Amino acid sequence: MELTVHSLLMHALVALFGMGSWVSVNSLWVELPVIVKELPEGWNLPAYLTMIIAFGNIGPLAVTLSHRFCPGCISEPWLIRSIHAISLLSSGFLALFWDRRAMVAGEEHSVPFLLLAYLLALGCCTSNVTFLPFMYSFPQEYIRSFFIGQGLSALFPCMLALGQGVGRLECRNNTFNNGTVPHYMQENFSAFSYFWGVFSLLVISALSFAILIFWSTRTKKQLEQEIGASSAQNGGNSSEDSYPLRTPEQEKYEDVAIVMGQTFWTSRNIYLLVLLGLSNALTNGVLPSVQTYSCLPYGADAYHLSVVLSNIANPAACFIAMCVLCRSSLGLGIIMAAGVVFGGYLMALAALSPCPPLLGSTAGVVLVVSIAVVLSTP
């Protein structure tokens with residue numbers, strides 16, 4: 001029973017650790033309907049965020065080059081601690097200074113928000129090449145919990161936003177009583193409180209990582225003591241017979257791994273890399289930058305639903321993918337082709353904004369929200 005409880009705790013800690021990978025950037029997207037009302041960039045802010053997140057890939061590039069030209073000079077645990085420190089400091093300052101402005105080239109811009117958003121994006125992008133390698137030091141069954149935690153990094157900010165009640169508005173008569181004007185209703189709590197909530201999620205992730213480090217260190221020490229005691233009982237013999245032999249299955253898997261390492265650039269792997277590149281370009285670059293132009297003409301509710309439901313559908317898709325795997329090259333190609341068609345439709349809506357097809361109809365709202373949700377589950 002003790003082992004079962006320990007295993008459950010480990011799965012929970014791994015999931016909470018994985019939750020901290022992208023929770024800060026996902027929280028920015030969900031909070032857009034609130035902050036665009038205060039920041040001078042307005043609804044151009046998603047385009048700024050997309051560029052900022054793209055520049056955050058400098059972090060993983062630097063880590064990759066360091067591993068390539070200076071192997072062993074970077075310790076994943078210490079790098080993860082640095083990512084947590086930067087994310088915590090940035091989210092704390094974001095809660096305090098997110099609405100401050102500064103003059104740049106004669107125009108007013110939200111410089112503190114953009115700078116702190118870049119630091120958060122730098123930490124999130126770098127986590128892609130540090131968190132998962134760290135998890136390889138744990139048994140394989142915990143890898144799934146880590147990916148579930150990454151899905152929670154989108155779900156938890158959505159829960160905060162739903163509790164906040166973002167994007168609610170009503171139409172009121174103007175002062176001349178000859179038309180209506182949109183009136184945004186007050187949120188249940190401010191962006192200040194929301195960003196402190198995100199800060200709390202990052203604290204939970206950092207504490208989970210610290211506990212994982214403590215438990216793994218203690219486990220290694222116990223194993224070393226057991227091995228030392230066993231060696232002492234055997235009279236200090238260190239012959240080949242003192243170590244367990246590898247099974248034929250283990251030797252076969254090791255041989256397969258060596259062959260795969262030698263022949264990585266096969267046609268199938270190149271095909272899969274192209275699909276992965278297209279998928280990332282659509283879901284993390286092109287579509288988020290034009291989401292306001294494709295969804296906002298259908299109303300604030302349509303935009304709000306597309307953002308929130310997309311972030312909820314993503315962890316659900318990650319969970320389903322662990323049970324239902326698609327390994328067929330043809331099947332993956334069909335899925336990618338469907339994604340390109342749906343993405344092209346959203347791009348066409350953005351190009352035709354502010355007067356896209358089916359404007360003012362329920363069918364248009366349902367269609368744009370459904371496609372946005374589908375594209376969030378690549």
Side-chain angles (χ1 to χ4, degrees), residues 18-30 46-65 83 117-118 120-133 135 143 146-155 157 264-265 267-292 294-295 306-307 309-322 325-329 331-347 350 371-378:
M19 177 266 299
S21 58
W22 279 88
V23 67
S24 50
V25 166
N26 288 331
S27 65
L28 298 179
W29 289 111
V30 176
Y48 283 89
L49 281 179
T50 302
M51 288 195 340
I52 286 173
I53 295 171
F55 282 116
N57 287 303
I58 293 175
L61 178 62
V63 173
T64 302
L65 292 177
I83 293 173
Y118 171 73
L120 291 174
L122 182 65
C124 291
C125 293
T126 310
S127 70
N128 286 341
V129 293
T130 53
F131 283 24
L132 192 57
M135 285 305 305
I143 301 297
F146 173 78
F147 286 118
I148 292 176
Q150 284 195 319
L152 295 178
S153 69
L155 179 62
F264 176 78
W265 294 106
S267 58
R268 174 178 168 80
N269 286 351
I270 294 174
Y271 170 73
L272 294 177
L273 287 174
V274 171
L275 293 184
L276 182 62
L278 289 175
S279 175
N280 279 320
L282 283 175
T283 57
N284 297 324
V286 177
L287 296 180
S289 63
V290 299
Q291 190 170 22
T292 52
S294 60
C295 298
S306 65
V307 173
L309 294 180
S310 296
N311 283 284
I312 293 176
N314 185 269
C318 293
F319 182 79
I320 294 174
M322 289 189 288
L325 297 178
C326 179
R327 301 181 183 274
S328 169
S329 298
L332 294 174
I334 293 174
I335 294 174
M336 189 67 244
V340 170
V341 172
F342 290 148
Y345 178 76
L346 293 183
M347 291 293 294
I371 291 179
V373 171
V374 169
L375 287 176
S376 68
T377 59

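As the structure is a computational prediction, the values presented were derived from the model and not from experiment. Keep in mind that the numbers below use all heavy atoms, side chains included, and drop hydrogens, waters and symmetry copies.
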*Please check if the side chain of T64 supplies one atom and the backbone of P60 the other of a donor-acceptor pair under 3.5 Å.*
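Confirmed, T64 side chain pairs with P60 backbone.
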*Can you see which heavy atom on L375 is nearest to which on G339, and at what distance?*
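Minimum heavy-atom contact is CD2-O, 3.5 Å.
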_Over all atoms of both residues, closest heavy-atom pair of S27 and P157_ =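 Answer, listing the atom of S27 first, then P157: CA-CB, 3.8 Å.
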Please examine the side chains of [Y] and [X], heavy atoms only from C-beta on, and report whether any two atoms are closer than 4.5 Å.
{"X": "I148", "Y": "M19", "result": "no"}
{"X": "I371", "Y": "L346", "result": "yes"}
{"X": "V25", "Y": "C124", "result": "yes"}

*Just do the side chain to side chain contact (heavy atoms under 4.5 Å, CB included) check on F147 and I143 with the steps written out, would you?*
CA-CA 7 Å; F147 286 118; I143 301 297; 3.4 Å; yes
_Could you work out, with side-chain contact (heavy atoms from CB on, under 4.5 Å) as the rule, every residue matching S127, not counting sequence neighbours?_
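Only S21, W22, T130, F131 meet the side-chain contact (heavy atoms from CB on, under 4.5 Å) criterion with S127.
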Nearest 0.5 Å, what's the [atom1]-[atom2] distance between [X] and [Y]?
{"X": "L272", "Y": "M336", "atom1": "CG", "atom2": "CE", "result": "12.5 Å"}
{"X": "L120", "Y": "I53", "atom1": "CG", "atom2": "CD1", "result": "10.0 Å"}
{"X": "L332", "Y": "L276", "atom1": "CG", "atom2": "CG", "result": "11.0 Å"}

*side chain to side chain contact (heavy atoms under 4.5 Å, CB included) evaluation trace for F342 with L282*: CA-CA 10 Å; F342 290 148; L282 283 175; over 6 Å; no
_By side chain to side chain donor-acceptor pair (under 3.5 Å) - contacts of S329 (at least two apart)_ =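 Once residues adjacent in sequence are excluded, the partners of S329 under the side chain to side chain donor-acceptor pair (under 3.5 Å) criterion are R268.
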*Criterion side chain to side chain contact (heavy atoms under 4.5 Å, CB included) against L61, the qualifying member of N57, I58, L65*: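 One option only clears the test, and that one is L65.
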*If you draw a 6.0 Å radius around CZ in F55, do more than 12 non-hydrogen atoms from other residues or ligands fall strictly inside?*
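No - once you tally the heavy atoms of other residues, nucleotides and ligands closer than 6.0 Å, there are 12 at most.
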